[in-house]
Amino acid sequence: MDTNIRICGEAGQGVQTTGNLLIRALAAGGVHVLGSQSYMSRIRGGANSFDIRVADRELFSPRASADLMIALTAEALEHFRGGAGGQALIVFDGEGDSNGALGLPLTGAAREAGGSALMVNTVAAGAALALLGYGIDGLKEMLTAQFGKKGDEVVAANIACAERGAELVADRRGSVSAPAAAESFGAVTSGSEAVGLGAAVSGVKVTASYPMTPSTGVFTFLAQHADEYGIVVEQAEDEIAAINLICGAAYAGAPAMTTTSGGGFALMGEGLSLAGML
């Protein structure tokens, strides 16, 4: 059994938070989980998505098609609709049906249950678990851990939103096939943590980077564990400075690495070309 859930919406709308909450809740419930993200290079706006693939066996890659898609905006619905499988259940924030997609008042439910439209992502998480036939006790635990520092009222509001999300789809509970829950598989590890730990234990001693999604997570991990592994971690003023620092460290004999992505890598070509000329 293999099921792929896709949560999509705007940057800044809590899509990533929803995905991470679902990953931890599902893993604690005893299914194998693999998450992946797709997002535009914007702080706010743009159609972003978070996939959570669940199965009764170990997973090694994401899937292109979704079996359950929940769209938090009309733009996200249209942008990602083509990626839903032929038998997929598509849910969007709204009323009625739209070319086979089911409309649910997710934002309205968030305002009623939690007092804020910002909690629409928590409503979506509760609905997703119910549609898969799972309970939301694990999600409640994750919400308590996630928002505990913000106070009991925030935790209670989010739990109410999760419950309301499950209630919205009570008549469709379990309508999306999903693997049966078994035993907990323990901790969830992100790709950033895995890459950072791999660098640390393989002997990297100098890291210089300029923040850029999605590589910042690796750099942050190395910064947090710099003392533990004896690594010099430097946030450079830009990508060109970062690659020049790495070239200098490597020339001096220190195992060194940088982290970047896309446009940042293009900028680093300048430093690499200079190193080649020298």
Side-chain angles (χ1 to χ4, degrees), residues 5-29 35 37 39-40 42-52 68-80 89-98 101-176 188:
I5 308 114
R6 180 165 298 152
I7 309 294
C8 49
E10 290 186 356
Q13 201 173 16
V15 172
Q16 183 176 359
T17 300
T18 307
N20 286 327
L21 284 169
L22 284 173
I23 282 176
R24 296 201 297 272
L26 288 164
Q37 301 176 61
Y39 38 76
M40 293 185 176
R42 299 180 186 176
I43 296 173
R44 293 196 66 85
N48 298 345
S49 69
F50 197 117
D51 281 24
I52 307 102
L68 169 61
M69 190 180 93
I70 299 181
L72 303 182
T73 65
E75 179 188 8
L77 174 64
E78 294 309 313
H79 187 83
F80 291 103
L89 173 59
I90 303 174
V91 175
F92 67 94
D93 184 13
E95 301 287 345
D97 292 340
S98 174
L102 172 66
L104 293 175
L106 302 176
T107 298
R111 290 195 181 100
E112 293 172 5
S116 172
L118 295 175
M119 296 181 184
V120 63
N121 56 336
T122 306
V123 176
L129 289 172
L131 288 167
L132 295 168
Y134 298 132
I136 63 170
D137 288 344
L139 176 59
K140 291 180 181 179
E141 292 177 10
M142 299 307 155
L143 288 168
T144 301
Q146 176 88 5
F147 299 110
K149 293 182 180 179
K150 295 186 177 182
D152 293 342
E153 289 186 6
V154 175
V155 172
N158 275 277
I159 288 177
C161 284
E163 292 174 338
R164 183 66 183 122
E167 291 170 1
L168 285 176
V169 296
D171 60 336
R172 292 176 176 265
R173 178 178 174 81
S175 57
V176 179
V188 173

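Between the CG atom of Leu21 and the CG atom of Leu26 there is a distance of 10.5 Å, given to the nearest 0.5 Å. With rounding to the nearest 0.5 Å, the separation of CG in Leu106 from CZ in Phe92 is 9.5 Å. For the atom pair CE (Met69) and CD1 (Ile7), the distance works out to 10.0 Å, reported to the nearest 0.5 Å. The CE atom of Met142 sits 11.0 Å away from atom CG of Asp137, with the distance rounded to the nearest 0.5 Å. Rounded to the nearest 0.5 Å, atoms CG (Leu72) and SG (Cys8) are 7.0 Å apart. The CG atom of Leu68 sits 5.5 Å away from atom CG of Leu132, with the distance rounded to the nearest 0.5 Å.
Contact annotation: the side chain of Leu131 approaches that of Leu89 to within less than 4.5 Å [non-hydrogen atoms, C-beta and beyond]. Using a 4.5 Å heavy-atom cutoff, the side chains of Leu22 and Leu129 are in contact. Looking at Ile5 and Asp51, their side chains never come closer than 4.5 Å, going by heavy atoms from C-beta outward.
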Please output the side-chain donor-acceptor pairs of residues 157-169 that fall under 3.5 Å, not counting sequence neighbours, one pair per line with the distance.
residue	atom	partner	partner atom	Å
Asn158	OD1	Thr122	OG1	2.9
Asn158	ND2	Val154	O	2.9
Glu163	OE2	Lys140	NZ	2.8
Arg164	NH1	Glu167	OE1	3.4

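Annotation: side chain to side chain contact (heavy atoms under 4.5 Å, CB included) contacts of Gln37 (sequence neighbours excluded): Gln16, Tyr39, Phe50. Applying the side chain to side chain donor-acceptor pair (under 3.5 Å) test to Thr73 and every residue at least two apart in sequence or in another chain returns nothing. In this view, Asn20 satisfies the side chain to side chain donor-acceptor pair (under 3.5 Å) rule with no residue, not counting sequence neighbours. With sequence neighbours left out, Ala117 forms a side chain to side chain contact (heavy atoms under 4.5 Å, CB included) with Thr107, Arg111.
Heavy atoms from other residues, nucleotides or ligands lying under 6.0 Å from CZ of Arg173 number more than 12.
Residues Ser49 and Val15 come closest through the heavy atom pair C-CG1, 4.0 Å. Nearest heavy atom pair, residue Asp93 against residue Pro105, reads OD1-C, 3.8 Å. For the residue pair Val123 and Ala109, the shortest heavy atom distance occurs at CG1-CB, 4.1 Å. For the pair Gly35 and Ile23, the tightest heavy-atom approach, listed with the atom from each and the gap, is CA-CD1, 3.8 Å.
Sequence neighbours left out, the pairs with a member in residues 141-155 that pass side-chain hydrogen bond (donor to acceptor under 3.5 Å, both in side chains) are Arg24-Gln146.
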